[in-house]
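Contents: one structure, followed by commentary.
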Amino acid sequence: MIDTNITRLVLDVLKPRQPGILEFAETIASLLADTSVEVAVLEIDEQTETVAVKVRGNALDYHCLEKGITDMGASVHSIDEVDVCSTSEKD
Amino acid sequence: MIDTNITRLVLDVLKPRQPGILEFAETIASLLADTSVEVAVLEIDEQTETVAVKVRGNALDYHCLEKGITDMGASVHSIDEVDVCSTSEKD
Amino acid sequence: MIDTNITRLVLDVLKPRQPGILEFAETIASLLADTSVEVAVLEIDEQTETVAVKVRGNALDYHCLEKGITDMGASVHSIDEVDVCSTSEKD
Amino acid sequence: MIDTNITRLVLDVLKPRQPGILEFAETIASLLADTSVEVAVLEIDEQTETVAVKVRGNALDYHCLEKGITDMGASVHSIDEVDVCSTSEKD
Amino acid sequence: MIDTNITRLVLDVLKPRQPGILEFAETIASLLADTSVEVAVLEIDEQTETVAVKVRGNALDYHCLEKGITDMGASVHSIDEVDVCSTSEKD
Amino acid sequence: MIDTNITRLVLDVLKPRQPGILEFAETIASLLADTSVEVAVLEIDEQTETVAVKVRGNALDYHCLEKGITDMGASVHSIDEVDVCSTSEKD
Amino acid sequence: MIDTNITRLVLDVLKPRQPGILEFAETIASLLADTSVEVAVLEIDEQTETVAVKVRGNALDYHCLEKGITDMGASVHSIDEVDVCSTSEKD
């Protein structure tokens, strides 16, 4: 059997203006150990902003990430990039 | 005799919107041990999306990859880049 | 529990022409130990200037930074980028 | 006497759609030991495609490469780049 | 207490055509030990020229630099970039 | 006394279509030991082609290079770049 | 006292077509020990050519360079860039 492991995700996220991207990034990072999260604002509208969220780590749990994002009133508009590594074959 | 070994593939793939690129990338990576798979969305249409799939590894088995892609209802539109290494000559 | 740690911030700041960016950068740097601060002027108006402030360090305290900026009569117009790392899970 | 040694070739090749670039690249690589071959599709027409073939190795045998390409029904449209190294002078 | 330390400055300087940039750069460098100074001409007018002055070092003394520039009949039009590092906290 | 040593040359050469750039590059490389020669086609006309010839080595003998080029019916249209190093001063 | 040391110069030079850039570069390099000189042709007119001369070394003597350039009938049109390093303070 071969296991797989998500190592990078680029998400396009639509979020309300609050919480700000600082709290937003910290909340995302707090969900996954040993992970780096970069959040950059792409577009600002009156009530919402579109941000790019890049997450790097080992064995990223997307559903955990997505739940955290949704819990802040934001939504993943699209997953734009995914990197996955596979392990050596095991018995 | 000289053996050859595919080390990189760049595929242009047309896929249905489901499964999403996360599951799509994980499925591809699960087919080949010790491989890295990058999937990036290039274009989104109503029912389908075009994705670039970059696969790096050692001795990549293209037919295995292609079967996995087809099994998800997607099709390899074109193989855009291939890197192949050859081994030293053997008897 | 997982701790998080802000490692980089890019701020868009509107500041009065005085204090100049030299004193402005030194004041910001004096707030946080072992930190590097880069300030670049983006736009100059009659009374104000817009500057990009990039701060790199470990465990950056944003509220301390923001207070220092406000104390100089400037205001953080937006936080444009945030990088956060998470630690290993602890009991 | 000084020997020379082709270390890199960039070829512009017109090939029939079949064999595909995967088999095409593997066949080229199988001709020369310890060589890396990159094939990228530049233009696709109905019956033919134009591909860039980059070959790196040591002491590349161009005539062997060209024969392999011709044997697949393709033709070298032009040699666009050549790198050659010379050895130290020998008696 | 936290000390700060200017490590890089980018100045936009308006200078008379004399002294030339060679003497101008040497004079600036002579003011600060262990420093590198790059001067590039950006624009030449009849009597004056605009130059970019990049200074890298450790604990750069801006007021000393500025005085040296003024003493040559030139003026710092603007400080465009400043990098500052802070030290570890001390008692 | 200070010796000088040409380490790089970029030549713009007009050559007949024959010999092709492969033989052309090999012939140039065969003239100078321990040298790397890169030839790239810039423009193709009916009877002639313009090629860029980049030569790197140590103590390149230009006149030897030029003679080899001329002997193939080509001519150096211009020397576009030259790098020269000087040695330490000797008695 | 702080010594300074010119480490890089970029000169814009107007030169007659003769001597060619090869002899021109060699002559410049022969003036200064342990120096690298790059000459690139920027513009060719009927009788003259404009060349960029980049010189890197340690403690470059500009006046020696300029004299050598003038002795070949050329003239330094402008000094476009200068890098200067300063030494540690000495008694």
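Every chain is numbered from 1 and lettered A, B, ... according to where its sequence line falls, protein lines coming before strand lines.
- Shown here for A:Ala29 and C:Ile2, the closest heavy-atom pair between the two residues is O-CG2, 4.0 Å.
- One distance of note links CG of A:Leu22 with NE2 of C:His63; it measures 6.0 Å at 0.5 Å rounding.
- With respect to chain C, the highest number of heavy-atom pairs below 4.5 Å among A:Ile21, A:Ile28, A:Thr27 belongs to A:Ile21.
- Top candidate by heavy-atom pairs under 4.5 Å with chain C, chosen from A:Leu42, A:Leu32, A:Leu31, A:Ile44, is A:Leu32.
- Atom CZ of C:Arg56 sits in a sparse spot, with 12 or fewer heavy atoms from other residues, nucleotides or ligands closer than 6.0 Å.
- Contact of the C:Ile6 side chain with the A:Glu26 side chain is registered, since non-hydrogen atoms from C-beta on lie closer than 4.5 Å.
- For C:Ser88, the parts lying under 4.5 angstrom from a heavy atom of chain A are both the backbone and the side chain.
- The candidate from A:Val51, A:Thr35, A:Val41 with the greatest count of non-hydrogen atom pairs under 4.5 Å with chain C is A:Thr35.
- Atom SG in C:Cys85 sits 9.5 Å away from atom CG in A:Asp34 (nearest 0.5 Å).
- Using a 4.5 Å cut-off between heavy atoms, C:Thr4 contacts chain A through its side chain alone, with no backbone atom that close.
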